[in-house]
There are 2 protein chains.
Amino acid sequence: MPSRLEDLCVQKGLKMTDQRRVISRVLSNAADHPDVEEVHRRAAAIDHRISIATVYRTMRLFEEAHVIDRLDFGDGRARYEGTRTDHHHHLIDVDSGEVIEFTNEEMERLKEAIARELGYDLIGHRLELYGVPRNRRGEPSGGA
Amino acid sequence: MPSRLEDLCVQKGLKMTDQRRVISRVLSNAADHPDVEEVHRRAAAIDHRISIATVYRTMRLFEEAHVIDRLDFGDGRARYEGTRTDHHHHLIDVDSGEVIEFTNEEMERLKEAIARELGYDLIGHRLELYGVPRNRRGEPSGGA
DNA sequence: TTATATGCAAAGATTTTGCTTTCTG
DNA sequence: CAGAAAGCAAAATCTTTGCATATAA
């Protein structure tokens, strides 16, 4: 059975190879935000005939076709998630590294309003919040 | 005359070398968001006795001391700006690459509220809007 | 003086690319 | 079959680091 993202690829007219099917499946099943190395690891577990170069090339292709979204959590490498219909954002728990997704209608409205006010049409945006759990306390946020 | 950021460094107890003074000055005078290479270029124009390695080390030091903020506009390298008192964000003009800064009190409140609702204390955040000028036309804004 | 900073070049990490072979449509 | 994709390894970016020398406090 074709994965959700595989369907999306076909819909967009992408030529489908075994590798792309596997990567589609990995990303369709991912509940998290894997980086390229992790995608490659999971893909290779399904079918080892897949190189890291192909993963890189495929991620770029998928990104340009809007099949996936590239994320950036500030750690120097790209993370990915399958493109979704809901506009959502991420809160990164800096203690655990956990990523919490959230949606917020007011935020959507506000972003549009700000862009319009500045004379722009919004075509993209990125919001990440970095936080620490509220009931855990005492973390010194001091220097080095 | 010491630059604004040089004062900040001294205030934070950082040992001041000629290189750090020059970098402080470059960043104090920057109205944009230079990357490391650009900082090095400008610093070397003032005093060539400064290596790219020192710029990297100094940027990290300054960032950790909260003398500067690291930004990320999604192009794979870090950008910097002197730390300011106002919480501001960036709208990137994807046509020209120009970066427009803005502040928005409602946004500040909203972010805090969202984090609190999710059970977190906000310690950082990042918001970038990507837009195209509204009075320039012809760009098909199609896509998913 | 003594710990710290700098320069240089080598090493790391992530991502891209040239070229040959393989495969999709 | 023709043009596109994959694999592999080399290269390109951006950033960090080891070590000897120079410098701030």
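Letters A, B, ... are given to chains in the order of the sequence lines, protein chains preceding strands, and every chain is numbered from 1.
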task = Return one dot-bracket line describing DNA chain C 5' to 3' (Watson-Crick or G-U wobble pairs, both distances under 3.5 Å; ( ) same strand, [ ] crossing, | another strand, . none).
result = |||||||||||||||||||||||||
query = Is A:F102 reachable from A:V99 through a run of hydrophobic residues whose side-chain heavy atoms are each under 4.5 Å from the next?
reply = no
remark   = Outermost contacting nts on DNA chain D, any atom under 4.0 Å from chain A heavy atoms, listed 5' then 3', are D:dG3 to D:dA9
query = Rounded to the nearest Å, what distance is computed from the CG atom of residue B:L61 to the C1' atom of nucleotide C:dT4?
reply = 11 Å
ask   = Hey, does the side chain of B:T58 reach the backbone of B:R20 with a donor-acceptor pair shorter than 3.5 angstrom?
value = no
key: Side-chain H-bond candidate by donor/acceptor type, B:E81 with B:H33, under 3.5 Å   = yes
query = For B:D72, does its backbone N or O pair with a side-chain atom of B:H90 as donor and acceptor, under 3.5 Å?
reply = no
ask   = With a 4.5 Å limit on heavy-atom distance, are the side chains of B:Y120 and A:L91 in contact?
value = yes
ask   = Does a side-chain heavy-atom distance below 4.5 Å link B:L27 with B:M59?
value = yes
Polar side-chain atom of A:T103 near backbone of A:H88 as donor-acceptor pair, under 3.5 Å = no
message = If we check salt bridge (Lys or Arg N to Asp or Glu O under 4.0 Å) with A:E63, which of these qualifies: A:R57, A:R70, A:R79?
response = A:R70
query = Hey, are the side chains of A:M107 and A:H87 touching, using non-hydrogen atoms and a 4.5 Å cut-off?
reply = no
Between the protein and nucleotides 11-14 of chain C, are there any N/O to N/O pairs under 3.5 Å, and if so, what are the atom names and distances?
none

task = Using a strict 4.0 Å threshold on nitrogen-to-oxygen distance, state whether B:D18 and B:R21 make a salt bridge.
result = yes
request  = Identify whether B:I123 and B:I114 are in the same connected component of the hydrophobic contact network (ILVMFWY, side-chain heavy atoms under 4.5 Å).
outcome  = no
ask   = Side-chain heavy atoms under 4.5 angstrom apart, residues restricted to Ile, Leu, Val, Met, Phe, Trp, Tyr: same cluster for A:L122 and B:Y130?
value = no
Residues B:E108 and B:H89: side-chain donor-acceptor under 3.5 angstrom = yes
Provide a list of protein-nucleic acid N or O atom pairs under 3.5 angstrom, restricted to nucleotides 19-21 of chain C.
none

message = Taking the side chain as everything from C-beta on, heavy atoms only, tell me whether A:R109 gets closer than 4.5 Å to A:E106.
response = yes
request  = Using a strict cut-off of less than 4.0 Å between a Lys/Arg side-chain nitrogen and an Asp/Glu carboxylate oxygen, indicate whether B:E38 and B:R77 qualify as a salt bridge.
outcome  = no
Within residues 9-36 of chain B: residues closer than 4.0 Å to DNA chain C (heavy atoms) = B:K15, B:T17, B:Q19, B:R20
message = Hydrophobic clustering (ILVMFWY, side-chain heavy atoms < 4.5 Å, transitive) - are B:L8 and B:I68 grouped together?
response = yes
query = Around atom CD of B:E37, are there more than 12 heavy atoms of other residues, nucleotides or ligands at under 6.0 Å?
reply = no
request  = In whole angstrom, give the distance that lies between atom CE of A:M59 and atom C1' of C:dT16.
outcome  = 15 Å
ask   = Which of residues 42-50 of chain B sit near DNA chain D, with a heavy atom under 4.0 Å from it?
value = none
